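Okay, structure first, notes after.
Just so we're clear, the structure is a prediction, and the values are computed from it rather than from any experiment.
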Amino acid sequence: MISNNRIQTAKLGYIIISAVLCVLGIVLITVPDFSALLLCRIGGLLLIIFGFVKIIGYCSKDLYRLAFQYDLAFGILLIALGATLILRTETMVNVIWVFLGISILADALLKIQIAIDSKVFGLHQWWLILATAILTGMIGFLVILRLSESAKIIMVLLGTSLLFEGVLNMVTILTAVKIIRNQKPVIVDSEF
């Protein structure tokens with residue numbers, strides 16, 4: 001039998017990181033004067049932690065195998081981006097919105113694919129993942145464009161994108177990951 005510990009750890013990790021992203025997003029929206037240096041360090045740490053959670057999710061072999069299917073490569077990317085934000089904070093402070101915007105846009109695009117796969121798989125709430133992913137992707141794209149030179153507006157937009165990213169991850173993990181007691185491993189019968 002497959003141990004459900006990795007699935008439960010990944011699911012709990014996603015939920016916690018999603019809640020933290022939502023809280024950080026709300027902080028940036030309500031306090032747009034937030035320190036960019038502190039944001040780089042916090043953002044880098046969150047990206048590294050989330051990268052490890054994504055890798056654990058990828059290795060978990062959940063029942064549907066939908067939510068974690070792209071998480072190995074994306075987890076490694078998040079760890080690299082997070083390390084860059086922490087190790088090169090002074091340099092990254094002026095481009096953090098690009099790093100986070102690209103990360104959010106890429107995750108939203110992958111979640112659109114997960115939504116389409118969920119529909120084909122027969123999950124009834126596939127549309128919720130799709131709608132949230134499209135909104136999150138649009139906001140992530142706006143963050144990359146940096147339509148304003150005002151630091152406050154950029155922080156509010158970045159906060160909004162983090163809030164939507166947290167909601168997107170929460171919706172995906174709650175609708176597309178199922179933990180079944182006594183789940184049997186997938187056995188592939190192959191002839192040589």
Side-chain angles (χ1 to χ4, degrees), residues 4-36 38-60 62 64 66-72 74-79 81-83 85-86 96-97 99-112 114-115 118 123 125-140 142-143 154-179:
N4 287 332
N5 289 341
R6 280 190 270 177
I7 300 170
Q8 290 171 334
T9 300
K11 190 170 185 175
L12 180 62
Y14 257 83
I15 290 169
I16 291 170
I17 292 291
S18 297
V20 170
L21 287 174
C22 289
V23 169
L24 183 58
I26 291 168
V27 167
L28 292 179
I29 292 167
T30 57
V31 185
D33 295 350
F34 197 83
S35 167
L38 184 58
L39 179 62
C40 276
R41 292 186 181 115
I42 292 171
L45 182 62
L46 282 175
L47 288 174
I48 290 170
I49 293 169
F50 201 26
F52 282 114
V53 168
K54 283 183 169 290
I55 292 170
I56 291 169
Y58 178 80
C59 296
S60 71
D62 71 295
Y64 296 152
L66 290 171
F68 303 130
Q69 63 184 327
Y70 305 112
D71 280 4
L72 178 62
F74 202 67
I76 294 168
L77 176 65
L78 290 181
I79 292 168
L81 289 175
L85 285 175
I86 290 173
I96 185 173
W97 75 89
F99 270 64
L100 293 177
I102 289 171
S103 172
I104 289 167
L105 178 60
D107 192 45
L109 293 172
L110 292 174
K111 295 291 192 314
I112 289 171
I114 289 170
S118 295
L123 294 179
Q125 296 172 325
W126 66 270
W127 60 270
L128 192 56
I129 299 170
L130 180 66
T132 311
I134 290 170
L135 286 171
T136 303
M138 290 178 359
I139 294 170
L142 290 175
V143 168
I154 291 170
M155 284 295 192
V156 169
L157 190 58
L158 189 56
T160 304
S161 67
L162 290 174
L163 178 61
F164 273 83
E165 176 69 10
V167 170
L168 173 61
N169 285 316
M170 192 79 71
V171 165
T172 303
I173 208 69
L174 292 175
T175 59
V177 175
K178 301 297 178 205
I179 300 173

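The heavy-atom pair separating Ser103 from Leu47 by the smallest distance is OG-CD2, 4.2 Å. In terms of heavy atoms, Leu174 sits closest to Ile15 at CD2-CD1, 4.0 Å. In this structure, Gly43 and Leu85 approach most closely via the heavy-atom pair C-CD1, 4.2 Å. Between Ala133 and Ile112, the closest heavy-atom pair is CB-CG1, 3.6 Å. Taking each heavy atom of Leu123 and Ala176 in turn, the nearest pair found is CD1-CA, 4.0 Å.
Checked against a 6.0 Å centroid threshold, the rings of Tyr70 and Tyr58 do not count as neighbours.
Among pairs with a residue in residues 42-53, none fulfils side-chain hydrogen bond (donor to acceptor under 3.5 Å, both in side chains), at least two apart in sequence or across chains. The stretch residues 21-35 participates, sequence neighbours left out, in no side-chain hydrogen bond (donor to acceptor under 3.5 Å, both in side chains) pair at all.
Remark: Phe34 pairs with Val27, Leu28, Leu38, Leu39, Ile42 by the side chain to side chain contact (heavy atoms under 4.5 Å, CB included) rule, at least two apart or across chains. For the side chain to side chain contact (heavy atoms under 4.5 Å, CB included) test, residues two or more places apart in sequence or in another chain that qualify with Leu77 are Phe74, Leu81. In this view, Asp107 and Lys54, Lys111 satisfy the salt bridge (Lys or Arg N to Asp or Glu O under 4.0 Å) rule, not counting sequence neighbours.
Between Ile49 and Ile17, some side-chain heavy-atom pair lies under the 4.5 Å cut-off.
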How far apart are the C-alpha atoms of Ile16 and Val53, what are their side-chain angles, what is the distance that settles it, and do they pass the side-chain contact (heavy atoms from CB on, under 4.5 Å) test?
CA-CA 10 Å; Ile16 291 170; Val53 168; over 6 Å; no

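Side chain of Thr132 to main chain of Leu128: a donor-acceptor pair is present (N/O by atom type, distance under 3.5 Å, no hydrogens or angles).
We find the OG-CZ distance between Ser18 and Phe50 to be 5.5 Å, quoted to the nearest 0.5 Å. Considering CD1 of Ile173 and CG of Leu168, their distance stands at 11.0 Å, rounded to 0.5 Å. With rounding to the nearest 0.5 angstrom, the CG atom of Leu72 is 6.5 Å from the SG atom of Cys59. Here the CG atom belonging to Leu12 is positioned 13.5 Å from the CD1 atom belonging to Ile7, to the nearest 0.5 angstrom. Asp71 CG to Phe52 CZ: the interatomic distance, rounded to the nearest 0.5 Å, is 14.0 Å. Between the CD1 atom in Ile129 and the CD1 atom in Ile134 there is a gap of 12.0 Å [rounded to 0.5 Å].
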Contacts table for residues 157-167: side-chain donor-acceptor under 3.5 angstrom, sequence neighbours left out:
from	atom 1	to	atom 2	distance (Å)
Thr160	OG1	Val156	O	2.8
Ser161	OG	Leu158	O	2.7
Glu165	OE2	Asn169	ND2	3.1

